[in-house]
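Following: one structure in C-alpha cells, then a few remarks.
Numbered from 1 within each chain, the chains take letters A, B, ... in sequence-line order.
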Amino acid sequence: MAAKKLRRAQLSQEMCERLSRYQITTCQDFLCLSLLELMKVTGQSYYEVQRLLCKVSRACAPKMQTAYEMKLRKSVNPSSAFLSTTLHSLDRVLHGGVPCGSLTEITSPPGCGKTQFCIMVSVLATLPVSMGGLDGAVIYIDTESAFSAERLIEIAANRFPTYFDSDEKLLCMTRSIHLYRELTCCSVLKRIMSLEEEIISKKVKLIIIDSVASVVRKEFDTKLQGNLAERSNFLTRGASVLKYLAEEFSIPV
Amino acid sequence: MQREVGTLPLAPALRARLAAAGFQTAQELLDTGPCGLSKEIGISREEALEALQVVRQECHGDAARTAGGSGATRKCTALELLEEEQTQGFIITFCSALDNILGGGVQLTKITEICGAPGVGKTQLCMQLAVDVQIPECFGGVAGEAVFIDTEGSFMVDRVVDIAAACVQHCHLIAEAQQEEDHRKALETFSLENILSHIYYFRCRDYIELLAQVYLLPEFLSEHSKVRLVVIDGIAFPFRHDFEDLSLRTRLLNGLAQQLIIIANDHKSAVVLTNQMTTRIGQSQSTLVPALGESWGHAATIRLIFHWDNSQRLATLYKSPSQKESTIAYHITPHGFRDVQPPAVTHGTEGTEMNPRKRPRTEEEKQ
C-alpha cells in the first residue's frame, strides 16, 4: 500500500511528472511531507494541497467495516473459524481451537513437546473438514531440523487408524505437507515474503514456523551494541508479514 | 486589510510573481481587480479571479477574528469552559476504581494514552470502551459511536460480542430495578446488532495507511457526527520497525498528535491510543518505559500505565492535568474489564433511591 505509485492515486499526469522531478513517486513519499513542503513541491495553493492530500489518502486508506459486518462474515461459516486441536480441554480454553486468521505462539522450555504439537497439528490440517480438519496443505518452516517424517506417519497412523487405513492415504497426506529448512534469519525472512504465491498455488491452510527463537538467538547476540534494534526490526517485519498472510487468507499461523 | 502578500495561502509561484511586480498588501490586490492583475503579472483572468477570491476569503476570516467573532476562534472564558466540563460526559470503563482515579471515566476532547507490556489488557480496555461509549444517556453514558483503528490485528469480534452482551444485560438489570419509561425505550435501540454496527473498524497495516486514515478522519467524523470515541490500537507498532530516519518518525508522530488533538476538540470525542513498552538500558539496570521516545510523551494529555505485580494487573495514572497519581488493581473477566473485588451485594435497598449514574452492584462469579 505504501509503495503505491501516485499515478494510480488518480492524480493528474502533469502533477505526477512534476512530483517525480523531486523524486516523489509513491504515496509514501507524498504523505511524509509537511504541508508547506507540499505547497513548494506542487506549486499549488494551500486549499488545493489539502484536496490533493485527501485524494492521495483515499487511495491508501483502508476500507471501513463495522464490527457487525465482521461478525456476520464469521458466522457465515463457523466451522472455519478454528482448527480444533482434538485436545478437549485445550480447545475449551482456546474457545474452539487454534484461531484462523491470527498468529498463535507456543512457548515452553526445551523438551516439552512443541515440535510434537506442530507435527500433530499439521496432520490435523490435512484432514477433511468433516473430521475437523482444514482439508488443505501445510507449510512447515523448520529452523532446527527437528521435523521427522517417520514420526509424522506414526502419529497419523496411530491417531486416525480408520482414516489412514491405506498407504496411499498416508502418502497423499505427506505430499501436502511442504517442508522448508531455513537456517539463517535472512532466509527465513525471504521465505516468509515469498509465501503469498505459494499459499494460493498450493492451497495452503496452515503455516507453522518451528521455531522463531532459535534462529534469532543464534544470529543476534544481544550484548553487542546495535543488535537489539536489528533483531527487533527483523522480528517485527516478519510478524507483520505473517499477520497479513494470516488475515488475508484466514488461515492459522 | 494591511495583510502582506507573502502570508496569503497562494501558490508559491504566484506569490513570487506578485512580489516581483511590487505588490505588498492584500488591499492593493483587491483594489486592482482581476483584469488589472492578470495584465500586470501575466496570468490568465481566471487564475487572477481565483487568487482574488482566496484573498477575499482570507481577509474576511481575519476581519471576523479581529471583531471577536466565533467559529474559527477558539477563544472563550474560563467560566464557559467550566460549565462545559461539568456537563460533559465521561466514558465509563465498568471498573469503578479506574473510573475513580480518572475522575469519572475517559474524558471527551482529551487524548488518553494507555501503555503496557503485551498481554496486560490494553486491547481489552479499548474494546470495552468501544462498547461503553454507546450506553444510552439515561444509564449514564454518552450515547455515541466508536471508530476503531487497528494496526496490530488484535481486534477479536467474538470478544466484543461477549463484552457487549454483558453490557446489555447490565443495563437490563438497571432498567428492571428502576422501572422508568425512558430506560425501556433506550433499551430497545441498545441491542447487540446496534452496538456492533456502530463500531467502525479500520485495519491499517503500515504507517502510511495510518497517516492516510488520520487525514481522512475529519471528513469521516463530519459524516458520522455521533462518533464520540476514536481508538487507535497500537500506535507504536507501525512506527517501530523499518524506520531508519528517526527525525522523520518524530515529525510524523508530532503531526499525527496535532491532528488528533484537533479532531478531539472539534468533534468533542475522546481519543484513546495504546502504546507499547520498550526497555531502556541504563548503566546498571534496565527499566520498562513507554515506547516512541520522550517527545511522544507530550502528545497525550492523560497517560495510564498497565503493569503486572506477580499475577495481579495494576493500572497507574501516570500523567493527568486534574487527578493525582495513583495505582489500582483491575481484573479481566469473561464479561470484560472489571474491578478486582466484587462490591458488596445490596439486594434489598435497590429501588427508586438509586442514583441513575451508578450501576447496581451485582456479584461477580469467581473464576
Which bit of [X] is near chain A, if near means a heavy-atom gap under 4.5 Å: side chain, backbone, both or neither?
X      : value
B:D158 : side chain
B:V160 : neither
B:F220 : side chain
B:R203 : both
B:E152 : both

Heavy-atom cut-off 4.5 Å, strictly under: side chain, backbone, both or neither for [X] against chain B?
X      : answer
A:K243 : side chain
A:Q65  : both
A:L31  : both

Salt bridge check, A:E198 against A:K203: does any charged N sit closer than 4.0 Å to a carboxylate O?
no
Tell me whether A:E48 is salt-bridged to A:R51, with the criterion being a basic N under 4.0 Å from an acidic carboxylate O.
yes
To the nearest 0.5 Å, what is the distance between [atom1] ([X]) and [atom2] ([Y])?
X      : Y      : atom1 : atom2 : value
A:C186 : A:F234 : SG    : CZ    : 8.0 Å
A:L134 : A:I251 : CG    : CD1   : 9.0 Å
A:L242 : A:S102 : CG    : OG    : 12.0 Å

Would you find a donor on one side and an acceptor on the other, under 3.5 Å apart, between the side chain of B:S197 and the backbone of A:A67?
no
Determine the option with the most heavy-atom pairs under 4.5 angstrom with chain A, choosing from B:M156, B:Q213, B:H198.
B:Q213
Using only heavy-atom distances, determine whether the side chains of B:Q259 and B:Y215 contain a donor-acceptor pair under 3.5 Å.
no
